[in-house]
Each structure stands twice: as structure tokens, then as C-alpha cells.
Protein chains: 2
Amino acid sequence: MSSQPASMRDVADRAGVSLSTVSRVLRGAPGVAPEVRHRVQRAADELSYVVSRNASGLVTGRTGRVAVVVPFLQPWYFGVALAGISDALREADLDMLVYQVGETRARQGWTRSLPLRRNTDAVVTVSMDLSEEECRRLDDVGVPMVLVGQCVPRRASVYIDDRAGAAGATRHLLNLGHTRVAYIGSRTEEWFSTSSRHRLEGYGAAMADAGLSPWSVVRSPGHEGGGLAMGELLSDHDPPTAVLAEFDSIALGAYRTLRRSGVRVPDSVSLMGFDNHEAASVLDLTTVDQAPYDTGLAAGRLTVDILTGTARDDVQLEMPTQLILRQSTAAPRGTRGLSW
Amino acid sequence: MSSQPASMRDVADRAGVSLSTVSRVLRGAPGVAPEVRHRVQRAADELSYVVSRNASGLVTGRTGRVAVVVPFLQPWYFGVALAGISDALREADLDMLVYQVGETRARQGWTRSLPLRRNTDAVVTVSMDLSEEECRRLDDVGVPMVLVGQCVPRRASVYIDDRAGAAGATRHLLNLGHTRVAYIGSRTEEWFSTSSRHRLEGYGAAMADAGLSPWSVVRSPGHEGGGLAMGELLSDHDPPTAVLAEFDSIALGAYRTLRRSGVRVPDSVSLMGFDNHEAASVLDLTTVDQAPYDTGLAAGRLTVDILTGTARDDVQLEMPTQLILRQSTAAPRGTRGLSW
DNA sequence: CACTCCCATGAAAACGTTGCCATAACCCGG
DNA sequence: CCGGGTTATGGCAACGTTTTCATGGGAGTG
């Protein structure tokens, strides 16, 4: 209806008070008579007026916005993590700006292309796997930073212990009696994430502890890679009886190869993933849950706490992982009766 | 390093020019000598200065931000759609604010709680299934609005023809020779989405065209519902030979029930989904692709075009759906040899 | 009843940028 | 050599808030 959106001036006029009073009411500041407070509130409602964060931010120096930087938005993990962050920020009445940097990341100086300085109160990076230098460059924008899915010393981080998670998963397979336990990992030409590295290490450590030598195949991420890797494993002269995949997507690809090859799960091969992807439950895939929603929620709350001064900006928050036992793992053939 | 972020003033001083000139350079406005332009550019870089959208928005009236409103962030679909929107907005140098309204939606007047007015240049709603009244209330904020996943007359909309998609899927099953084709739909206690309704209608229409009476089971959304619905169908005295699920998640749940019941897909029952979920390819599930990334991209671009005045604000954009044939559908038992 | 203190309210100066207008310098043709 | 037009640059007022400070009136105290 109104061609021009209402301003605080309009609310003030309608309520018959001054600008200052309107500002006080709308900010919930003290020192306003209840009667006036109601009158102003009503006037604002009638004009369906909301304050311009632009203008208020200009004077307070706070924007009321938090930037969340993710490499990609498509993979399941990020949507769930964002949901957690979003819920936490909403509690504190902060808006969420999302930047998908994707390929941009490779570009030198990508951090500068983000309009963060003076435009956000804080930055949350999710699975960005920042180098020390990138961290420093982000420091330069002068807003607090929270790292999700990555643990950097002396910097606010929320993460899981990938090493321990993978080691636990491996031990689960070993405990079932498997000795030929293979691992399918991922890496692309240009990127080998810290998380990938840690999971591989965790697997290796657990194998070493059991006196077994590790057996890992690394392919491109996603189900294609998983499928191919599984194919390679199956073509070995003495194939594994158990396979741990770096994450569920890979496990799903491996599962497809197994199904197509007529290899039964878990009868002939036990298969395990990592992440607890939605589809994992459908396929009854044993996996490691890392609760990305909780991680996001914790990261969001930590951000809020840092902004309010309640938390230090070097808090390290390790989120628990949990083994989710389903039907895709079992004792190897010969010993079946013993375990089940 | 610098305790205070640099302002345009600082850049001007360092470059030895006036504020106005810096502003012109940084906006790419004409009328600045090349030499000066370079000098300013360099000064800005050295201070790693970026303009405050807050301040510039205050005077231009444009915020450089677009709000994207989604009911939830967790489901696969939204991440993918957001990715498309994000890419389109980035091309136009617009930032993306994401609001997850979730349960808030039920609340009367939820539209007012979003700080849109004066805080964003446009609003994109994704699968919000807005009522006429909600649309009008969003109109009130006075920024252009683009609806994704919903077609409202005389309003910018980007959507797929759910009816046609479901009808096509049904015909695929009918063409294979099935006559006992059941449908699994979803609805919650408080919500029966337009999309759900349309898909059900499409199925019904295709069945009617073939002279068959529809047979649908409606449960809660997600795999749990799908699993339960499939269970009910299997317990019929004459179970279906083909099942179409409203979306892949439901199909996956149904698939699990089938697998657990020892019913082979597609040998005994053909199963079809809708959406082309990532997991659908792993399970070789025949489905209908609706390319949410492309939808998001188109919606983002439409938003940009509306903002630049290139497109009218009542453009209707119907995105194509595509049948993805995989291994989960086949001719019914008796006729198998004929079709394959 | 007078004086103090406090509380509610209003006025005005910022915040960092853009848009408009003025000005100075320059180039060209007559 | 002069006048008119063009071009580069600077100055200044806005934009819509918050914040600080000033003011007035009412309650409480002696």
C-alpha cells in the first residue's frame, strides 16, 4: 500500500512521541512509561514497522548479522549444520548470511572478496579446512571467527575427533573378528582434507594396534569413487571381509557395487560408513554418527557467546561421535554363530 | 592489526583524494582519471577495505541483500536449491540471507517477525506454500517477492508441474503393463502441501485415464511413513505390483520394508520415487528428476532481473521434470519377457 | 511548603556512505 | 587570444537509527 516504507519518524508521529522514545521502546530500553510503551508498540504494529538494521548498525557498530561460509551447499551435511547454526542465531535475534565459496576458494585472496568487514558481526566457517594463513587473513577483517569441522589451536573451534571416530569404527569391525579390513578414502586432485587425513590415520592406528597392516584405497569422493574403490577391492585375489568407508556416500557407492556383484552384506562382506547420512538408515548401514545439527547449534551458540562476551574466542569444543550399529556389519563367515 | 576497521575517509587520505572520488572509484562510477583510479584502488587494497553495505544501503535504499525463506534446511532439497540461488545472487554481487522459519510458520503473523522491510532488496520463498493472505502480508514489506516451488497467479513463481510429473511417472508404470499401481503420499496433521496434493492428483488422473481406480495410502512424510505405508500395501489380500511414492525419501522407506520382507525389486514389485535424491541413484531407484539446483538458479536470476527491471515481477517459470529410468521398475511378472 | 532527586521525555550529534551541485582545469574552434 | 563546453574533482546534505545530554515535572523528605 504505502509506497514508502515507514520510518521511525512515522511511528513517532503516529504515537505522538519523539524519535528517541520510539527507539527506546523498540530496543526494549528502560525508562519509558508503560502507557507510552504500549502506544508506541501499537503504532509500530499498525504500520508493520521494523527497524532498519542498516541504520542502527551504522551507529552501534553491530550489524546483527553473522556470516556463515561453506565450501558447498549441496551435500547433506551442510544443510543440517546450517539448520543448527540458524536456530542458535535466531535465539539471539541474529540474521544469517550464507556464502558458498566453492571453487572461489582456490582463488588467491578469496577471503577479501567476501564483504565481511563492517558487514557482519562474526564469521562461522564450516568445513573450510583453513590454512594458518587463511585464518590470519580472516582475522584481518576484525570480527570474531568460529571454525566448524576443524580444530585450530587458540581459535574458537567446534569439531569432532575424526581420528577417534574412525579408530572406533575400525575396532568395531576388528572386534567382530575381521582381520581383512579395508578402508576406502577420498581425495581430489587438488584437495586432501584434514578430516580425510584424520579418519585414515584413525583407521591405520586401530589396525596397527591390532597388529594388522592397513589396506586403503583412495578415490574421488562420492558414490562413484566408492563404487570404483569397492570394485578394486573385490578384484583382489583375497578380498576383504570388512570395509570401512570414509563417509556414508562412499559406503553407499560401495554398497551398490556389492549388490550388483551379488556379494551379500553383511554375510560375505561387512560394510561401514561414517556420518549417519539419512540414507544410511534406509540401507541399514552401520555408521558413526557425528550429529551435524548439534555441531551447528553449538557453533552458533558459541558465536553468540563470544559476541556477548560470555565466552572466550579460543574455546575448543569437541563434539562426541557415536557408533550406530545396524545390519551391515556382522562377524565374518566362519565365526558367525559366535557373535550373533 | 588495526583496532578500528578502515573507513572510506582513511582510503581517501591515503590516496590523497576526496571522499567522493573514492566512492566513485569503488562503485565503478565514470568520471575518474585512470591514474587516480589506480591510486585509490591500491590504497583500498592496502587497507583491505570494503565498503559498508550498511552505510551505502542507507542512502541508496538498496541493501545488496536478498532474503531466502525456507521452512527447513535439513532436507536435501533445500541445500541444493540454496546452492542454485546462491550462485545466481553471487553473479549479481548480492548477499544471501537465509531464514529458516520451520515451526515458526504456524504462528500467526510470522511474516512480521522477519526483519525484511528495509533490510533486504527482495524475498525468495522456497517451498513455503504460501496462502493468498500470507502473500499479501509479504507484499506489505514492499520488496519484490519470488516464489519457488509454488505457482501463484500474477506473482513471480518458479516451479515444476507436479501433476504432470506424477502423471508421467504413473504412465510409465502403466505402460510397463502394471494394473495394480498404488501410490504412497504424505501429509502431517497440520499440513497437506499443494505439491503433495498435485502429485496425488496427477497419479489419480493418469489412473483414471487408464480406466483404473486410484489406490493411495497417505502417511507421515519421510522414510518411516514410507515404510509403514508399504507394509500396509503388502498386507493387502492382493498387493500392488507397482508403487509410486510421492518423493524419494518415502520410496526409500518403502524399499526398506520390501527388502526386509524379502520382496524383490523390481521382480515382484516395481518401485518409483520422485525428486532424484542422491540416494536414489545408489539404490537404482527409477524416479522423476526435478533439478532443484536449476530451479534455484533460475529463481535467483529471476530475482536479479526483477531488481534490475529486466523482468516483470509476475513472470511464471515452469521448470521441466524428467523421468530417470533405473532398475527399480520393470514389467510385471507374467509379461516380463515382452518388455525387457 | 520548599528543596532535592529521580525519572520520563525530547533535542541534537554522530555513524559511513552516496547523490547532487559547484568549481576548477582543460580542450577546442573561431 | 577568448569564449563555451566538457571533464575531473571536492564540498555538503541527506539516509534512519542510537546515544548523549539537557529539560521539565512529580514524588519524597525535612
Side-chain angles (χ1 to χ4, degrees), chain A residues 2-41 43-44 47 49-65 93 115-121 141-142, chain B residues 2-41 43-44 47 49-65 93 115-121 141-142:
Chain A
S2 53
S3 53
Q4 283 294 57
S7 82
M8 203 173 250
R9 176 78 267 156
D10 304 321
V11 179
D13 289 348
R14 174 177 269 256
V17 295
S18 78
L19 261 163
S20 327
T21 304
V22 177
S23 175
R24 271 187 282 261
V25 171
L26 267 41
R27 258 176 313 130
V32 179
E35 194 271 331
V36 177
R37 191 175 288 272
H38 280 108
R39 197 147 38 104
V40 171
Q41 202 62 262
L47 296 171
Y49 166 84
V50 290
V51 308
S52 156
R53 294 210 158 159
N54 261 7
S56 69
L58 198 53
V59 38
T60 58
R62 317 199 106 203
T63 62
R65 282 181 285 262
D93 228 353
L116 300 178
R117 165 167 250 145
R118 277 189 201 279
N119 289 303
T120 52
D121 293 344
V141 313
Chain B
S2 52
S3 52
Q4 282 295 60
S7 83
M8 203 173 251
R9 177 77 267 155
D10 303 322
V11 180
D13 289 348
R14 173 177 269 254
V17 295
S18 79
L19 231 73
S20 321
T21 304
V22 176
S23 175
R24 270 188 283 262
V25 171
L26 267 42
R27 256 176 314 130
V32 179
E35 194 270 331
V36 177
R37 193 176 286 274
H38 279 109
R39 196 148 39 105
V40 171
Q41 201 63 262
L47 296 171
Y49 166 83
V50 289
V51 309
S52 156
R53 295 212 157 157
N54 260 8
S56 69
L58 198 53
V59 39
T60 59
R62 317 200 105 202
T63 61
R65 282 180 286 261
D93 228 352
L116 300 179
R117 166 167 249 143
R118 275 188 203 280
N119 289 303
T120 52
D121 293 344
V141 314

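A, B, ... follow the sequence lines: proteins, then strands. Residue 1 opens every chain.
In this structure, the side chain of B:Arg118 engages the main chain of A:Pro5 through a donor-acceptor pair within 3.5 Å. Here the side chain of B:Thr21 pairs no donor or acceptor atom with the backbone of B:Val17 at under 3.5 angstrom. Not a single donor-acceptor pair under 3.5 Å links the side chain of B:Ser23 to the backbone N or O of B:Leu19. Put simply, the side chain of B:Arg39 gets close to the backbone of B:Ala15: a donor and an acceptor are under 3.5 Å apart. The closest donor-acceptor contact from the side chain of B:Arg53 to the backbone of B:Thr63 lies at 3.5 Å or more, if one exists at all.
Using modelled atom types, one finds no donor on one side chain facing an acceptor on the other under 3.5 Å when comparing B:Asn119 with A:Arg65. Checking A:Arg24 against A:Ser20 by side-chain atom types alone, no donor-acceptor pair falls below 3.5 Å.
The terminal axes of the helix from C:dC1-D:dG30 to C:dG30-D:dC1, fitted over 5 pairs per end, subtend an angle of 40° to the nearest 10°.
Within the 4.0 Å cut-off from OP1 or OP2 of D:dG10, at least one side-chain nitrogen or oxygen of B:Thr21 is found.
We find that CG of B:Asn119 is positioned 11 Å from C1' of D:dG16, with the value rounded to whole Å. Here the C1' atom of nucleotide D:dA14 and the CZ atom of B:Arg62 are 19 Å apart, to the nearest Å. D:dT18 atom C1' lies 15 Å from atom CZ of A:Arg53, rounded to whole Å.
From A:Asp121, atom CG reaches atom CG of A:Leu116 across 11.5 Å, with rounding to the nearest 0.5 Å.
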Might you work through the side chain to side chain contact (heavy atoms under 4.5 Å, CB included) test for B:Val40 and B:Leu26, ending with a clear yes or no? CA-CA 8 Å; B:Val40 171; B:Leu26 267 42; 4.1 Å; yes
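Note on B:Asp13 versus B:Arg9: salt bridge recorded, some NZ/NE/NH1/NH2 to OD/OE distance being below 4.0 Å.
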Polar-atom pairs under 3.5 Å, protein N or O versus N or O of nucleotides 6-8 of chain C: list them with distances, or write none.
none

Spell out protein contact along nucleotides 15-21 of chain C as letters: B when the base is contacted, S when just the sugar-phosphate is, - when no protein heavy atom is under 4.0 Å; keep the 5' to 3' order. BBBBB--
